[in-house]
Amino acid sequence: MVSKKLIIINSIILMLVFCAYISAIAFINYPWFLRFRNYIEWIDILYLLAALAFLALVAWMVSTLKIRNLTATNRFLLIYSILCSFLLGYFIHISIDSYLSAEKEIVQIENKYIQQFM
């Protein structure tokens, strides 16, 4: 029997991974905001799908081991949600890092501009 809680958790994590992947692209172009649809067109979704497929393969290989008294599908969903959480953390880290570096560059350019006219 497949656990409905694990399916819901995986669905939520996958939606958050997709949003974090898009926000990483959005924060690289920080001062220049476009519509959400434009970011969807810009991102190369194949990289995200390849990463998710690789994580699914790793989760499938690990789920063949006897970890607890869970069924194979429940073990797969549990391991896949953990691996996707790591991917989510990585995308959040990249988003924050790109936002902070863009903000730092903008502040430096603004300070140079202010000093030129004083």
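Only a predicted model underlies this, so the values are computations on that prediction, with no experimental measurement involved. The figures here come from the full heavy-atom set of this structure, side chains too, leaving out hydrogens, waters and symmetry mates.
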For this session: Could you walk me through whether N74 and L78 pass side-chain contact (heavy atoms from CB on, under 4.5 Å), step by step?
Result: CA-CA 6 Å; N74 284 343; L78 180 66; over 6 Å; no
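- With sequence neighbours excluded, no residue forms a ring pair (Phe, Tyr, Trp, His ring centres under 6.0 Å) with F86.
- Between atom CD1 of residue I8 and atom OG of residue S81 there is a gap of 13.0 Å, rounded to the nearest 0.5 Å.
- When hydrophobic clusters are built by joining Ile, Leu, Val, Met, Phe, Trp and Tyr residues whose side-chain heavy atoms come closer than 4.5 Å, directly or via intermediates, L65 is not grouped with I82.
- A side-chain contact (heavy atoms from CB on, under 4.5 Å) with Y80 holds for exactly one of L6, L52, I13, V58; it is L52.
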Side-chain donor-acceptor pairs under 3.5 Å in residues 105-118, sequence neighbours left out?
from: N111; atom 1: ND2; to: V107; atom 2: O; distance (Å): 3.3

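- At a threshold of 4.5 Å between non-hydrogen side-chain atoms, the residues L48 and V17 count as touching.
- In terms of the side-chain contact (heavy atoms from CB on, under 4.5 Å) criterion, D97 has no residue partners (sequence neighbours excluded).
- Annotation: the span from Y21 atom OH to I45 atom CD1 amounts to 6.5 Å, rounded to 0.5 Å.
- Closest non-hydrogen pair, S95 versus A20, comes out as OG-O, 3.5 Å.
- Between the CD1 atom in I9 and the CG atom in L14 there is a gap of 12.0 Å [rounded to 0.5 Å].
- Taking CZ of F76 as the reference point, atom CG of L83 lies at 9.5 Å (rounded to 0.5 Å).
- Here L88 contributes atom CG and H93 contributes atom NE2; the two are 13.5 Å apart, rounded to the nearest 0.5 Å.
- Distance check: S85 OG to L55 CG gives 10.5 Å after rounding to the nearest 0.5 Å.
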